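Keep in mind that what you see is a predicted model, and the values were worked out from it rather than measured. The figures that follow rest on heavy atoms only: side chains count, while hydrogens, waters and symmetry mates do not.
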Amino acid sequence: MPRSFKEIFSIVFTGKKLRYLTLLFLLHLLACSYSRVTRLDLFKMTARPEYGYITRLLKRINALVSLGFGQARACEIVANTSRDKYLRDFFLRFAQSIKVGEDITEFLEREYKSYVIIYGSDYERSMVRLKRLSEAYIAVLSSTIFVSVTFALMGMLWGEEFVQALWMLMLPLMGIYGLLVFMFYQIAPYEKLVSDSHRARNIDRLLTLSKVMVIATIISLIISIFLSLQYLIPLNLIPFIALIFGVPSLTIGITGIRLIKKIKVLDEKFPPFLTTLASSISSLGASVREALKEIMRIDFGPLNKLIRSLRARLEVGIDEEICWKLFERETSSEIIIFHSEIFYDSFKAGAPAVVVGNLLGKSVLNILTLRKRREEVSAFLRSILLPLHPALAAILALTLAIITGFTESIETVQQAALPVQIITPIPVQAVEIFSYIVLFTTTIANAMVMYIIEGGHSVNLSYYLGLFLLTGCLIYFGIYNWMRIFLQSLIGGVGG
């Protein structure tokens with residue numbers, strides 16, 4: 001049970017990432033164990049910064065051993081300090097394995113296989129929950145349309161008191177969408193397609209630019225609503241502000257998604273490349289440089305160019321570790337980077353290349369299979385949100401146009417000194433601000449939900465934020481003006 005706010009925060013916001021890193025950590029341990037190094041050297045080899053919290057535990061074990069504690073006792077002490085249940089149980093089982101003298105490779109094979117099953121099962125359950133939550137989210141979004149229109153039309157009876165009712169609806173509405181977004185975040189498994197530390201400069205610049213653009217767009221929407229409430233800017237300026245920020249946000253997002261798709265193709269081509277390379281090394285008894293020369297005749301798609309660069313650097317005598325680092329940076333793929341480093345570490349330590357290559361190839365394929373399952377859920381929600389969001393904007397615009405025309409008609413009647421007792425003029429400005437708040441709240445919520453489901457890349461958020469802003473504002477602006485012209489012509493025809 002967590003003992004502090006810091007532990008609660010870590011479990012809520014870093015638990016998913018830790019489970020993902022645990023999968024790669026166990027894979028790293030198993031691959032390196034085939035080299036038959038000692039348990040202590042195994043911990044030193046795998047204590048990499050990328051594993052974060054796990055690395056801190058490994059360093060504590062190494063520190064305790066250096067102070068004279070036995071390996072089993074050191075594992076037990078560190079296990080009792082772990083905030084993660086699986087890691088605590090793993091290190092306790094590891095300590096027991098040391099005590100009974102079990103072969104380290106056999107122990108790690110069993111642990112890795114069981115964790116792959118656990119991780120895969122949890123991932124599948126998360127996908128089922130995401131699908132159900134997506135259906136609930138769609139229902140809430142549809143209900144938002146009905147409730148918004150109902151409240152707006154009820155203003156015909158409430159008049160000036162209608163403004164207070166609108167504010168009472170706005171805050172719970174934003175709170176509901178905020179809660180739903182948080183629920184999506186909690187359920188969605190961790191996935192990182194683009195590496196945070198090893199990536200090409202163009203991708204790094206694009207990701208940074210997309211984050212800045214997203215923040216600027218959201219802030220501009222909030223400020224424009226606030227200024228309109230203070231009567232500092234006209235309300236009809238708000239859609240243009242949204243379009244000014246929406247267009248570059250969508251442009252950056254489209255460019256980023258194209259790069260993301262290229263990285264996904266690299267990921268799919270990586271398993272056959274790695275297994276072929278490992279087989280060539282083992283069968284020929286050759287080095288990586290010589291094995292690369294033998295497999296150059298095989299087509300690995302977009303990886304061909306990067307493989308040629310890797311081989312060229314090895315040919316001119318650049319250090320092999322540096323060559324692999326540059327290869328990883330050029331791919332910018334999280335999966336390729338982790339598995340390439342595991343392959344290099346284990347092969348350098350003396351592990352059989354073909355065994356490690358097949359192990360890593362299967363690992364990449366398992367991750368890609370889970371990714372495909374995630375894409376199915378995201379495709380389901382995307383296929384509904386893309387038409388539903390413009391429909392929401394159209395209905396809001398249609399309602400506002402009708403209320404505006406109705407209010408103008410009532411004011412005309414009142415100016416003619418005719419008694420109107422049941423229905424009163426509606427504060428149109430309040431309805432218009434309410435429409436913009438609903439439109440922007442659903443825009444941001446829809447973009448966040450798609451961003452979370454598709455794996456949490458900032459370019460995805462930039463793309464969907466720009467897309468929903470453009471489609472929503474253009475439909476809203478177009479429908480509102482068309483309906484106003486139609487109603488004016490209709491009223492004018494009747495009056496004539």
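Open room surrounds CZ on R132; 12 or fewer heavy atoms of other groups in view lie less than 6.0 Å from it.
The CD1 atom of I452 lies 10.5 Å from the CD1 atom of I187; values are rounded to the nearest 0.5 Å. A distance of 5.0 Å separates CD1 in I218 from CD1 in I444, rounded to the nearest 0.5 Å. To the nearest 0.5 angstrom, E376 atom CD is 14.0 Å from L381 atom CG. Rounding to the nearest 0.5 angstrom, the gap separating the OG1 atom in T471 from the OH atom in Y464 is 12.0 Å. Note that CG of L469 and OH of Y476 are 14.0 Å apart. Values are rounded to the nearest 0.5 Å. The distance from atom CZ of F270 to atom CG of L277, rounded to the nearest 0.5 Å, is 9.0 Å.
Under a cutoff of 6.0 Å and an axis angle of 45°, K325 and Y344 do not form a cation-pi pair. In this structure, R60 is not positioned above the aromatic face of F69 in the sense of NZ or CZ being under 6.0 Å from the six-membered ring centre and within 45° of the axis. Taking the centre and axis of the six-membered ring of F107, the NZ or CZ atom of R93 falls outside the cone set by 45° and 6.0 Å.
Remark: D103 engages R36 in a salt bridge, criterion side-chain N to carboxylate O under 4.0 Å. Using a cut-off of 4.0 Å between Lys/Arg side-chain N and Asp/Glu carboxylate O, E294 and R289 are scored as not salt-bridged. Ion pairing between R313 and E330 holds under the 4.0 Å rule for side-chain N and carboxylate O. Salt bridge annotation for K293-E290: absent, with no cationic side-chain nitrogen under 4.0 angstrom from a carboxylate oxygen. A salt bridge does not link R308 to E315: none of the charged side-chain nitrogens sits closer than 4.0 Å to a carboxylate oxygen. Between R48 and E341, at least one side-chain nitrogen of the basic residue sits less than 4.0 Å from a carboxylate oxygen of the acidic one, meeting the salt-bridge criterion. Salt-bridge check for D89 with K85: passed, with a basic side-chain N closer than 4.0 Å to an acidic carboxylate O.
The closest donor-acceptor contact from the side chain of H28 to the backbone of T46 lies at 3.5 Å or more, if one exists at all.
Between E454 and the choices R374, R382, K264, the salt bridge (Lys or Arg N to Asp or Glu O under 4.0 Å) rule is met once, by R382.
In this structure, C473 and A242 approach most closely via the heavy-atom pair SG-CB, 3.5 Å. Taking each heavy atom of L303 and F327 in turn, the nearest pair found is CD2-CZ, 4.0 Å. S346 approaches V356 most closely through the heavy-atom pair OG-CG1, 3.2 Å. Across every non-hydrogen atom of A31 and I342, the tightest pair is CB-CG2, 3.6 Å. For the pair V37 and C32, the tightest heavy-atom approach, listed with the atom from each and the gap, is CG2-O, 4.1 Å.
Between F440 and Y436, the angle of the ring planes stays under 30°, which puts this pair in the parallel group of the 30/60° scheme. In this structure, Y86 and Y115 have tilted ring planes: the angle between them lies in the 30° to 60° band. The aromatic rings of F91 and F25 sit tilted, their planes meeting at an angle between 30° and 60°. Classified by interplanar angle (parallel below 30°, tilted 30° to 60°, perpendicular above 60°), the ring pair F240/F477 is perpendicular.
Contact check for M450 versus L461: no side-chain heavy atoms found under the 4.5 Å cut-off. Put simply, the side chain of P189 does not reach to within 4.5 Å of the side chain of K16, judged on heavy atoms. Within the 4.5 Å cutoff, the side chain of V140 has heavy atoms near those of the L180 side chain. With contacts defined as side-chain heavy-atom distances shorter than 4.5 Å, the pair D299/K269 does not qualify.
Residues D267 and S333 have side chains that bring a donor and an acceptor to within less than 3.5 angstrom of each other. Under the 3.5 Å distance criterion, with hydrogens and angles disregarded, a donor-acceptor pair is assigned to the side chains of S210 and S458. Side chains of T443 and H389: a donor on one and an acceptor on the other come within 3.5 Å. Side-chain atoms of E334 and Y20 include no donor-acceptor pair closer than 3.5 Å. Between N366 and Y119, the side chains place no donor N or O within less than 3.5 Å of an acceptor N or O (distance only, hydrogens not considered). Using modelled atom types, one finds no donor on one side chain facing an acceptor on the other under 3.5 Å when comparing S332 with S195.
For residues 459-468, the set of pairs meeting the salt bridge (Lys or Arg N to Asp or Glu O under 4.0 Å) definition, not counting sequence neighbours, is empty.
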| field | Full working for salt bridge (Lys or Arg N to Asp or Glu O under 4.0 Å) between E76 and R88 | value | CA-CA 8 Å; E76 290 174 344; R88 179 169 61 250; over 6 Å; no
| said: Could you go through Y451 and Y463, starting from their C-alpha distance and side-chain angles, then the distance that decides it, and tell me whether this counts as ring pair (Phe, Tyr, Trp, His ring centres under 6.0 Å)? | reply: CA-CA 9 Å; Y451 158 76; Y463 170 76; over 10 Å; no
